[in-house]
Amino acid sequence: MIQLINATKIYNKSGKDLIALNDVTCEFERGSYISVVGRSGSGKSTLLNLIGGLDSVSSGQIIFDGNRLDKMTKNQLEIYRRFSVGMIFQSFNLVSHRSAIDNVILPMIFADVSLNERKNRAAALLEKVGLKERMNHISAEMSGGEAQRVAIARAMANNPSVILADEPTGNLDSKTAEEIMDLLIDLNINYGITVIMITHEADIAFRVSDKIFTLLDGKIINTQYTNNKRGTDEII
Ligand code: ADP
Ligand code: MG
């Protein structure tokens with residue numbers, strides 16, 4: 001469903017060209033859970049931001065369900081960002097002085113959803129991520145795990161088919177990280193959401209993913225397919 005073809009991203013840093021992504025060709029299949037690993041500075045966030053439409057390629061193509069992001073107008077790209085992808089970040093990026101429910105409602109305001117529906121849907125999403133009792137608390141007063149749950153609910157607000165997660169557990173202790181991973185796995189397995197996740201933790205990537213890309217110096221140096229058949233332990 002998402003394809004990069006010879007995608008290159010060059011940043012100009014104080015007059016010097018820096019190749020953040022170097023001629024990358026790869027595919028992200030619908031409904032799959034794909035992780036991107038690699039050392040700091042290898043181009044992981046650049047890759048995710050290109051897929052999320054937050055940044056544009058210097059050359060090459062990015063194709064989402066047959067549509068070329070690299071050919072979209074500003075308006076088309078805005079609509080794509082609003083409806084097709086949901087993003088979550090290591091630092092949560094919530095509006096800190098607003099309540100959890102306000103944060104989840106926000107993307108729906110820009111999507112012209114009616115007031116009633118916005119509230120109902122935000123409440124349902126917050127309940128789903130386990131924050132039914134906390135939805136009127138301001139996000140600044142929430143723990144990291146709670147804040148990331150709000151961010152996941154917000155990412156789901158406009159029913160995206162893909163969640164893009166940039167080190168979503170990077171600021172969390174290991175127990176909380178597990179809970180957040182369980183939520184992402186649930187979205188993937190039970191709701192068919194495609195998840196593309198950057199992580200530093202190879203063991204997590206291996207456990208949850210169908211496919212793992214390793215980046216180094218802006219290139220994919222390894223593609224691993226796992227065969228961990230998540231959920232089989234329940235079937236047996
Ligand atoms: P990672 O997420 O793997 O740590 P990034 O994609 O953030 O790596 O960065 C890849 C390279 O591109 C790094 O050398 C980084 O300094 C550079 N880079 C990223 N974003 C920008 C930017 N907005 N302007 C200039 N250089 C950037
Ligand atoms: Mg990064």
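Remember, it's 1-based here, ligands and their atoms both numbered in the order they're listed. Because the structure is a prediction, the values reported are computed rather than measured.
- Between Met72 and Tyr80, the shortest heavy-atom contact is SD-CB, 4.2 Å.
- No more than 12 heavy atoms of other residues, nucleotides or ligands shown are found within 6.0 angstrom of CZ on Arg39.
- Taking distance alone, with nitrogen or oxygen atoms compared against 3.5 Å, Gly41 approaches ligand 1 more closely than that limit.
- A distance-only check finds no donor-acceptor pair linking the side chain of Asp23 to the backbone of Ala7 [under 3.5 Å].
- Of the protein's heavy atoms, Thr46 OG1, 3.8 Å lies nearest to atom 9 (O) of ligand 1.
- Crowding of Lys119 atom NZ: a count of heavy atoms from other residues, nucleotides or ligands under 6.0 Å not exceeding 12.
- Regarding atom 19 (C) of ligand 1, its nearest protein heavy-atom neighbour is Tyr11 CE1, 3.5 Å.
- Side-chain atoms of Asp70 and Gln61 form no donor-acceptor pair, as typed in the model, at a separation below 3.5 Å.
- Only side-chain heavy atoms of Lys13 come within less than 4.0 Å of ligand 1; its backbone N, CA, C and O stay farther off.
- The option from Ser42, Ser45, Ala20 that lies nearest to atom 7 (O) of ligand 1, judged by heavy atoms, is Ser45.
- A cation-pi arrangement, defined by a distance under 6.0 Å to the six-membered ring centre and an angle within 45 degrees of its axis, is present between Lys9 and Tyr11.
- Residue Ser45: an N/O/S atom is found under 2.8 Å from the Mg ion (ligand 2).
- Ligand 1 has Arg39 within reach: a non-hydrogen atom of the residue lies less than 4.0 Å from it.
- Counting the atoms of ligand 1 from 1 in the order shown, those under 4.0 Å from a heavy atom of Leu18 are 11 (C), 12 (O), 14 (O), 17 (C).
- Within the structure, ligand 1 lacks Gly38 among the residues with a heavy atom less than 4.0 angstrom away.
- More than 12 heavy atoms of other residues, nucleotides or ligands sit less than 6.0 Å from atom CG of Asp173.
- The shortest N or O to N or O distance between Gly43 and ligand 1 is under 3.5 Å.
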